[in-house]
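Heads up: the structure comes next, in C-alpha cells.
Note on naming: letters A, B, ... go to the chains in the order of the sequence lines (proteins, then strands), and numbering restarts at 1 for each one. Every value quoted in this text rests on a predicted model; they were computed, and no experiment measured them.
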There are 2 protein chains.
Amino acid sequence: MPVTLRDVARQAKVSVRTVSNVVAGYTHVSERTRRRVQEAIAELDYRPNPVARTLRTGRTGVLALVVPEIDVPYFAELAREVIEAAAEVGYHVMIDQTGHDHERERRLLTGADRTMLFDGVLFSPLVTPEELGQMEPGGTIPLVLLGEHDFDGRYDHVAIDNVRAAYDATAHLAARGRRRIAAIGTQPAEDYSTPRQRTVGWERALRDAGQEPDPALVRTAAHYSRADGYTAAADLLRLPEPPDAIFCYSDLLAMGAMRAVRDAGRGVPDDVAVIGIDNIDEGRYANPSLSTVSLDTPFIAREAIARITARIAEPDAPAVEVTAPHEVVVRESTGG
Amino acid sequence: MPVTLRDVARQAKVSVRTVSNVVAGYTHVSERTRRRVQEAIAELDYRPNPVARTLRTGRTGVLALVVPEIDVPYFAELAREVIEAAAEVGYHVMIDQTGHDHERERRLLTGADRTMLFDGVLFSPLVTPEELGQMEPGGTIPLVLLGEHDFDGRYDHVAIDNVRAAYDATAHLAARGRRRIAAIGTQPAEDYSTPRQRTVGWERALRDAGQEPDPALVRTAAHYSRADGYTAAADLLRLPEPPDAIFCYSDLLAMGAMRAVRDAGRGVPDDVAVIGIDNIDEGRYANPSLSTVSLDTPFIAREAIARITARIAEPDAPAVEVTAPHEVVVRESTGG
DNA sequence: TTGTATGCGTTATCAA
DNA sequence: TTGATAACGCATACAA
C-alpha cells in the first residue's frame with residue numbers, strides 16, 4: 001500500500017499538482033502551502049515512485065556499464081570509479097557482462113533486451129569498431145565507447161592510445177637492453193582492435209630500437225586472464241631461443257607470465273623481464289612488483305560520465321573523442 | 001516515437017489485449033491471430049517498454065547487490081557469479097557500493113533512495129547484525145544477507161561459518177609447527193561481526209593446539225586492502241619476538257602481508273608462513289602462491305539468487321539460513 | 001478466444 | 001499560484 005501523491009494531496013488539502021511542484025522543488029509555491037505539503041509528506045513518509053516518474057519523463061536515472069567480465073581487476077577498478085562518478089551526478093549504474101559473447105554484446109548494444117531501462121550506455125567493447133558500426137546501436141540510445149581508438153567518429157569516445165601505450169612499454173624493455181622481446185595478447189581471431197593496436201605498438205617500438213619483430217615470439221591469449229598468460233609464457237620459454245623479456249597486453253596476463261617464468265626455473269627480471277598494461281593494484285604488491293603502463297582509470301571514468309551526460313542532454317551534438325593519458329610505471333619486474 | 005502495443009494492434013487489426021497476450025506467451029490465442037500479431041511485431045520492430053510493465057505489475061526485474069567495494073577481488077568475483085546466476089532467472093543486477101559508509105549502508109538498506117527500483121536486495125553488510133536489526137529494513141523489500149552468521153533469524157541468509165573458517169586456517173598453521181601465529185584483520189571499532197568471529201576462530205584453534213593467543217600478535221585492518229595488510233605485517237615484524245606465521249582475515253590482506261615480509265628481508269614461508277581467506281584467483285599465481293580458505297563463491301551466488309526469488313514469490317515464508325561450505329587450500333605460503 | 005476500459009503514480013497541459 | 005485532468009505504455013477485470 002504505497003503512499004502516493006494523491007494521499008499527500010488529500011492530507012495537505014491541496015491538489016496533486018501542488019504536491020508534485022513541492023517535491024520537484026518548483027519555485028512558484030507559496031511558503032505556507034509548501035510547508036503544509038512538506039508536513040504531510042513527512043507525516044505519511046511519502047516516497048516518490050521512480051518508475052512512475054520514469055514512465056512519465058522517459059528518464060530512468062540509470063546508466064549501463066557493459067564490460068566483458070566484472071571480475072577482471074581492470075574492469076572492477078574502472079567500475080568502481082564509474083559508479084562513484086555516476087553517483088555524483090545522480091545516476092545509478094547497472095553492470096552487464098558480455099563474457100566474450102559477441103551475440104550478447106550485440107544484444108546489449110542494440111538494446112533489444114531492455115529498451116528504456118537506462119538513459120545511456122558506457123560500452124567497453126571487445127568487437128572491432130567496424131563490426132560495431134554494422135550493429136546499428138539501438139535506436140538512438142546515448143552511447144559512449146571506452147577504450148577503443150580507431151573509430152570513425154560516430155560515437156563519443158574515451159579512448160586509450162593503445163599503439164602508444166604498447167610502444168612505450170616495449171621501448172622501456174628495449175632501453176633496458178633486452179634483445180628478444182616477446183608479446184602475449186594477440187587474439188585467435190583478428191577481430192579485436194585493442195590487441196591489434198598493441199601489436200602495432202610493439203612492432204614499431206622494436207623497429208625504432210633497431211630490432212626486428214619476431215613472429216615466433218608472439219602468443220595469443222583468448223581471455224586476458226592469469227591462466228592464459230601462464231600458458232603463453234610457458235610456451236615461449238620452451239623455445240630453443242626463449243625471450244629475455246615479455247610484453248603482456250594486460251597486467252593479468254603478466255601475473256600469469258611471471259608465475260610461468262618462475263615455474264620454469266628462471267628469474268624475473270634477471271632472466272626474463274616482464275611488463276604489462278593497466279596498473280592494477282595487484283601488480284604493486286606482486287613479487288617481483290610488476291612494471292606496467294598506467295591508464296588513469298579515474299580520468300576515464302570521470303570523462304565517461306561527462307560525455308554521457310552531455311550526450312543525454314544534447315543528443316545531436318557532434319561526437320567527442322578524448323584520449324586518456326598513460327605513463328610507464330617502472331617496478332622490479334623490469335629491473336626497476 | 002516508440003512503437004507501442006496500440007501500434008501493433010492497429011497494424012495487426014486486433015485489440016491491444018490480444019497483442020499483450022501474444023507477447024506474454026499466453027496460450028489461448030488462435031494460431032492465425034498469433035501469426036498475424038507476430039508479423040506486425042516484427043514489421044514494426046516493437047519492443048515492450050519495461051518501465052510501463054513495471055508500473056503496472058510492480059516488478060522491476062532488477063536486483064540490487066550491495067557490497068562495500070566492487071573492486072575488492074572477492075566481491076568482484078562474487079558479483080560476477082551473482083550477475084550470471086541472476087541472468088539465468090531473468091533478473092538484472094544493480095551494484096551499489098557502500099564504501100565503508102554506515103550511513104550509506106543504512107540508506108541503501110531502508111530503500112530511502114530508490115523505492116520500487118528493485119525487486120530484492122542482496123546485502124553483504126559491514127555493520128553488525130544488531131545494528132542491522134535496528135535499521136528496520138525498508139518497508140518489506142525482500143532481503144537476503146550474505147556472509148554474516150550470528151543473526152537472529154529474521155532474514156534469509158547465505159552464511160559463511162566465519163569462526164570455523166578462521167579456526168581451520170589457524171589450525172593449519174599450528175599443524176605446520178608454527179608457534180607464534182599472528183592475526184591481521186580485527187577492526188578499529190568492535191562493531192563488525194565478521195572480523196570478531198574470525199578472531200574467535202583464531203583463538204580457539206590456538207587453544208586447541210595448546211598455544212595461548214597473544215594479544216601482541218593481533219593487528220587491526222580498517223579496509224581489508226593490500227595496503228592495510230602490508231602496514232600491519234610490517235608492524236608485526238618489528239616486534240622483538242616477531243611471529244613465525246600470520247593468519248590474515250582476507251586474501252587481500254595476505255597479499256600485502258607477504259610483500260611486507262619480503263621487504264623486511266625475510267622469506268615466506270620459511271621465516272613467516274601466511275594464510276588468508278577468500279581464495280581469490282590472485283593468490284594462486286602469487287609468489288609464493290597463497291594458502292587460503294576457499295569460500296565457494298558459486299554456491300553463495302546460486303543460493304543467494306534461489307533465496308531471493310523464493311522470498312519474492314512468498315514474502316511471508318519463514319526465513320532460511322544456509323551455510324556455504326569452505327575448505328583450506330594449501331599452497332606455497334604455508335610450506336605447500 | 002478476443003475486445004473495451006481502467007488504473008499503476010507521476011508529470012505536464014490547460015484553465016482558472 | 002493552484003486545480004482538474006490527460007497522457008506515459010502496459011496488464012488485466014470484465015464483457016462479449
Side-chain angles (χ1 to χ4, degrees), chain A residues 1-38 40-41 44-62 90 111 113-119 139 141, chain B residues 1-41 44-62 90 111 113-119 139:
Chain A
M1 247 45 63
V3 179
T4 74
L5 271 188
R6 215 189 303 279
D7 300 322
V8 177
R10 197 180 314 124
Q11 169 100 359
K13 298 194 202 314
V14 296
S15 77
V16 290
R17 166 64 203 262
T18 303
V19 179
S20 180
N21 280 343
V22 171
V23 171
Y26 196 57
T27 42
H28 297 284
V29 180
S30 81
E31 202 39 57
R32 246 189 52 230
T33 320
R34 178 189 308 281
R35 263 230 320 288
R36 232 183 29 239
V37 170
Q38 278 166 341
I41 288 177
L44 298 176
D45 191 23
Y46 164 74
R47 300 168 189 194
N49 180 333
V51 176
R53 185 173 282 172
T54 292
L55 181 60
R56 191 57 241 239
T57 62
R59 302 182 72 157
T60 62
V62 177
D113 279 342
R114 348 233 298 281
T115 333
M116 295 251 43
L117 254 187
F118 25 73
D119 298 336
I141 185 163
Chain B
M1 243 38 65
V3 179
T4 75
L5 270 189
R6 213 190 305 278
D7 299 323
V8 177
R10 197 180 314 124
Q11 169 99 359
K13 297 191 203 312
V14 296
S15 77
V16 289
R17 169 63 202 257
T18 303
V19 178
S20 181
N21 280 343
V22 171
V23 171
Y26 195 58
T27 42
H28 297 284
V29 180
S30 81
E31 201 39 57
R32 246 191 51 231
T33 321
R34 178 188 309 280
R35 264 231 319 286
R36 237 192 17 247
V37 170
Q38 278 165 339
E39 279 166 14
I41 288 177
L44 298 176
D45 191 23
Y46 164 74
R47 300 166 189 194
N49 180 333
V51 177
R53 186 175 282 173
T54 291
L55 183 59
R56 186 58 232 246
T57 63
R59 302 181 74 158
T60 62
V62 177
D113 278 342
R114 346 233 299 281
T115 332
M116 296 249 44
L117 255 188
F118 26 73
D119 297 335

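Among all heavy-atom pairs drawn from A:Leu117 and A:Val62, the shortest one is O-CB, 3.9 Å. The two residues B:Thr54 and B:Arg59 come nearest to each other via the heavy atoms OG1-O, 2.9 Å. Across A:Leu55 and B:Val51, no two heavy atoms sit closer than the pair N-CG1, 3.6 Å.
In this structure, the side chain of A:Thr57 engages the main chain of A:Arg53 through a donor-acceptor pair within 3.5 Å.
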Each nucleotide N or O in nucleotides 7-10 of chain D that has a protein N or O under 3.5 Å away: list the pair and distance.
unit_1 : atom_1 : unit_2  : atom_2 : d
D:dA7  : N3     : A:Arg56 : NH1    : 3.0
D:dG9  : N2     : B:Ala52 : O      : 3.4
D:dC10 : OP1    : B:Tyr46 : OH     : 2.6
D:dC10 : OP1    : B:Asn49 : N      : 3.1
D:dC10 : OP2    : B:Leu5  : N      : 2.6

Heteroatom pairs (N/O) under 3.5 angstrom, protein to nucleotides 13-16 of chain C:
unit_1 : atom_1 : unit_2  : atom_2 : d
C:dT13 : O4     : A:Arg17 : NH1    : 2.7
C:dC14 : N4     : A:Arg17 : NH1    : 3.4

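Residues meeting the salt bridge (Lys or Arg N to Asp or Glu O under 4.0 Å) test with B:Arg6, sequence neighbours left out: none.
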Q: For A:Asp45 and A:Val3, run side chain to side chain contact (heavy atoms under 4.5 Å, CB included): C-alpha distance rounded to whole Å, both residues' side-chain angles, the deciding distance at 0.1 Å, then the answer.
A: CA-CA 8 Å; A:Asp45 191 23; A:Val3 179; 5.9 Å; no
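Between the CZ atom in A:Arg10 and the CG atom in A:Leu5 there is a gap of 11.5 Å [rounded to 0.5 Å]. Here the OG1 atom belonging to B:Thr18 is positioned 6.0 Å from the CG atom belonging to B:Asn21, to the nearest 0.5 angstrom.
Annotation: of the two residues near DNA chain D, A:Val16 and A:Thr33, the 5′-most nearest-nucleotide partner is A:Thr33.
The NZ-C1' distance, from A:Lys13 to D:dG3, rounds to 16 Å in whole Å. Atom C1' of nucleotide D:dA4 and atom CG of A:Asn21 are separated by 14 Å, given to the nearest angstrom.
Between A:Thr18 and D:dG3, a side-chain N or O to OP1/OP2 separation shorter than 4.0 Å is present. For A:Ser15, a side-chain nitrogen or oxygen approaches OP1 or OP2 of D:dG3 to under 4.0 Å.
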